[in-house]
S.K.: 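Sending over a structure as structure tokens; questions will come in a sec.
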Protein chains: 2
Amino acid sequence: MTVKDLARDLGMSVSTVSRAFHPHAVIAPQTRDLVLQRAAEIGYRPNPFARSLITKRTSIVGLVVSDITNPFYPEVVTRLTEDLRAIDMNVMLVAASASGEIDDAVRLLLTYQPDLAVILASTLSTAARRECDEAGTPVIFFNRLSNDDDAFGVTCDNAAGGALVADYLIDRGHRRLAYVAARPDASTNIERREGFVRRAVERGLASPAVIEAGLFSYEAGYHAAPGFAALSPRPDGVFCANDILAIGFMDGVRRELGLSIPDDLSVVGFDDVAMAAWPSHGLTTVRQPVEAMLASTVELARKLAAHASTAPFVNRIPPAGLVERQSARTRHD
Amino acid sequence: MTVKDLARDLGMSVSTVSRAFHPHAVIAPQTRDLVLQRAAEIGYRPNPFARSLITKRTSIVGLVVSDITNPFYPEVVTRLTEDLRAIDMNVMLVAASASGEIDDAVRLLLTYQPDLAVILASTLSTAARRECDEAGTPVIFFNRLSNDDDAFGVTCDNAAGGALVADYLIDRGHRRLAYVAARPDASTNIERREGFVRRAVERGLASPAVIEAGLFSYEAGYHAAPGFAALSPRPDGVFCANDILAIGFMDGVRRELGLSIPDDLSVVGFDDVAMAAWPSHGLTTVRQPVEAMLASTVELARKLAAHASTAPFVNRIPPAGLVERQSARTRHD
DNA sequence: CTGAAAGCGCTTACAG
DNA sequence: CTGAAAGCGCTTACAG
């Protein structure tokens, strides 16, 4: 079933049939209707490969993920895939656990000439980034920023989120704050810490202690418990770089140190993943503005697909608020 | 950068250059080496679209997911994507939350003529299945079986898993068993229940009560607590259709009914997702043979990509064992 | 507004 | 073993 078949069927030329499928092509409205209707009847759709061979556009978005143990990402991947489909873009998924593999994966992805790459992974290697540039593929970093400047970014205002947590804890009487840090190179980790520490100091507290957990994972949080125990005086308010880290940290602190939350210490996370609301965790946390971040990404994808190039910019969206649950003491006592 | 460029650069014909990239093509070994080496140097890769226009093969695997709140799937999606890339296949992801959307999504996917579709979603509508058949795209159901016969399936032996749980509970002194059921139409749910119930009856117990939770989700499990409370006599051993359901059920039973696990009742899940091992859950569960299931799927993908058609079959892999944690009483008392 | 023709980047019979 | 040529299913100047 090709244009030719449809053209013959309709007694038109292939050119005319082809034009019917292009919104901006010059064609009589009635002719277009005729073609589209008949196409729907017999189930014809233009072959996207043949099309992209000429147009140099593929309607493919390459989605690069790696941080898969963080439940924040599956949700984003699903939502993004659905939302992009609504503007007729298809997601080609590239997943990588080790960072060495990601370069290969991106290279293979580029072979399919995606109109756009969206990076959900912690960091994309400089080599892979350069290849995207050479291929002329724009890159959007979602929830992470690149270290260099020539990429788009859509992220939460993480520093504002960190400050929000500091205010929340201080307003409720906490005086000895600490931060459980994740990947040292991740912009999210850095900005959340900075916003948190800065606000604490502004409000006259000692600079919060920092416990290096190293990763955004349950295990990293769990194993940060000894680092917490070593702190003296013991902090009473702990901000963890994200939810999954916070959940691991709470389990570690309870199980390994026998401490009680929020009686012995308050814990606050960042993301508001679904499981933060489960009674077994009851995590007080900063809610990411996921809807706004998705909308911004899709809008940007649409623009990049339509026009040529815009100068790269970062869209930093305010957090969607702090969700109060049971992991942080709420009274000033 | 096209074959033409490379051919000119090497002083060869495009035919020869093209042949260098096809393992089975007739070409002098040294010529091939020359071409491949130069291609690597200048970064040439054949355009997969132009290629597939002729070969009718795309190296694209369409991955259809929907049950995204189940943490079992993100892991599978990542692993499958990586493993398929190792045999040079690329994953095009199709995600859908509502079931109406999935038909559209599959239709769009077929436009890219994937060599294969892998279904991780609960069920694929009959309409979408027919379209795959018409397009000649083989379908593999992963961890689910189709209701009709003409599709491949890779799954755990769920009935054996259910029997395993019955034996485990009975051997440890439980006498009043119950099953918390998920999607009534899902083969996993049906088979696990059947295996569990059959073995319980075989061993002389009353047929286990069945609580219909309706879905494979935390919320469904949580809200099954009242249904459990309504049972008389109260069951002492509960098998939940999967882990995420079990975790929700445990939270519901503790929070809504004030019961203690495993003192008041034992709970066993199915999957062994990462969070089942967390101290906050400590879920005793049946481990899915994920490695073997992935290997089988990739192997099947390779075969389907290479040869033409094999008769559809189902590969039912024994469970990888029962993992003992804290949610089920281990002593006979 | 429509059609005939060239061409996108490849592969693959067909000759040699 | 290699090359010239046809053709995969489209799109898009160019004429009319």
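Numbers restart at 1 for each chain; the letters A, B, ... are given by sequence-line order, proteins then strands.
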S.K.: Select one nucleotide: of dT11(C), dC10(D), dT11(D), the one nearest the side-chain heavy atoms of S18(B).
M.R.: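 The answer is dT11(C), which lies nearest to the side chain.
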S.K.: Taking atom P of dC1(D) as reference, at what distance in whole Å does atom CG of L34(B) sit?
M.R.: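 After rounding, the gap between these two atoms is 15 Å.
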S.K.: Between P on dA4(D) and CZ on R19(B), what's the gap in Å once rounded to a whole number?
M.R.: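 It is 11 Å, rounded to the nearest whole Å.
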S.K.: Indicate the ring-plane relationship of F49(B) and F49(A), choosing parallel, tilted or perpendicular according to the 30° and 60° boundaries.
M.R.: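 Geometry flag for F49(A) against F49(B): parallel rings.
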S.K.: Output the rounded distance in Å from CG (L53(B)) to C1' (dG7(C)).
M.R.: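 Going from L53(B) (CG) to dG7(C) (C1'), I get 13 Å.
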S.K.: Any side-chain to backbone donor/acceptor pair from T297(B) onto M293(B)? Under 3.5 Å, distance only.
M.R.: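 Looks like yes, one N/O pair under 3.5 Å.
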S.K.: Assess whether salt bridge (charged side-chain N to carboxylate O under 4.0 Å, His left out) is satisfied between D115(B) and R57(B), documenting all intermediate values.
M.R.: CA-CA 6 Å; D115(B) 291 342; R57(B) 306 202 41 273; 3.2 Å; yes
S.K.: In whole angstroms, how far is the C1' atom of dC10(D) from the NZ atom of K4(A)?
M.R.: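 It is 11 Å, rounded to the nearest whole Å.
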S.K.: What nucleotide, of dA5(C), dT11(C), dA5(D), holds the atom closest to the side chain of S15(A)?
M.R.: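 Looking only at side-chain atoms, S15(A) lies closest to dA5(C).
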S.K.: Using a heavy-atom cut-off of under 4.0 Å over every strand shown, decide if R45(B) touches base, sugar-phosphate, or nothing.
M.R.: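 Answer is sugar-phosphate: R45(B) comes under 4.0 Å of backbone atoms only.
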S.K.: Side chain of V26(A): nearest nucleotide among dC8(C), dT2(C), dA4(D)?
M.R.: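 Selected nucleotide: dT2(C).
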S.K.: When the distance from CD1 of I27(A) to P of dT12(D) is rounded to whole Å, what number comes out?
M.R.: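 Checked: the CD1 to P distance equals 13 Å.
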S.K.: Which heavy atom of A95(A) sits nearest a heavy atom of T81(B), and at what distance?
M.R.: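 The pair with the smallest heavy-atom distance is N-CG2, 3.6 Å.
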S.K.: Grab the NE2-P distance between H24(B) and dT11(C) for me, whole Å please.
M.R.: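 Checked: the NE2 to P distance equals 14 Å.
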S.K.: As a test of reading the structure: which of dC10(D), dT2(D), dT12(C) is closest to the side chain of T31(B), going by heavy atoms?
M.R.: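 The answer is dT2(D).
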S.K.: Closest approach to the side chain of P29(B), judged atom by atom: which nucleotide of dT2(C), dG9(C), dC1(D) is it?
M.R.: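 Of the candidates, dC1(D) comes closest.
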S.K.: Given salt bridge (charged side-chain N to carboxylate O under 4.0 Å, His left out), test E82(B) with R85(B) step by step and report yes or no.
M.R.: CA-CA 5 Å; E82(B) 290 181 304; R85(B) 201 170 60 68; over 6 Å; no
S.K.: Using a cut-off of 4.0 Å on non-hydrogen atoms, how would the nucleic acid contact of F21(A) be classed: base, sugar-phosphate, or nothing?
M.R.: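 Since no nucleic acid heavy atom lies under 4.0 Å of F21(A), the category is nothing.
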S.K.: If we call it a pair only when both distances are under 3.5 Å in a Watson-Crick or G-U wobble match, what pairs with dA13(C)?
M.R.: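 Base-paired to nothing in any strand shown.
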S.K.: Reckon T55(A) touches a base, only the sugar-phosphate, or nothing at all at heavy-atom distances under 4.0 Å?
M.R.: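 Sugar-phosphate, backbone atoms only, no base.
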S.K.: By nearest atom, which of the nucleotides dC1(C), dG3(C), dC10(D) is closest to the V3(A) side chain?
M.R.: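 Of the candidates, dC10(D) comes closest.
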S.K.: What's the shortest heavy-atom distance between C156(A) and P289(A), and which atoms?
M.R.: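 Smallest heavy-atom distance, with atoms named: SG-CD, 3.7 Å.
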S.K.: Quick check on dT11(C): is either OP1 or OP2 less than 4.0 Å from any side-chain nitrogen or oxygen of K56(B)?
M.R.: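 No.
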S.K.: Among dC1(D), dC1(C), dG3(D), which is the nearest nucleotide to the side chain of S13(B)?
M.R.: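 It is dG3(D).
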S.K.: Expressed as a whole number of angstroms, how long is the span from Y44(A):OH to dG9(D):P?
M.R.: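 Computing the Y44(A):OH to dG9(D):P distance gives 10 Å.
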S.K.: Go nucleotide by nucleotide along DNA chain D from the 5' end; which of A50(B) and T16(B) gets its closest nucleotide reached first?
M.R.: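 First, find each residue's nearest nucleotide; the 5'-ward one identifies T16(B).
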S.K.: May I have the distance from I54(A) (atom CD1) to dC8(C) (atom P), rounded to whole angstrom?
M.R.: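 Answer to the nearest Å: 9 Å.
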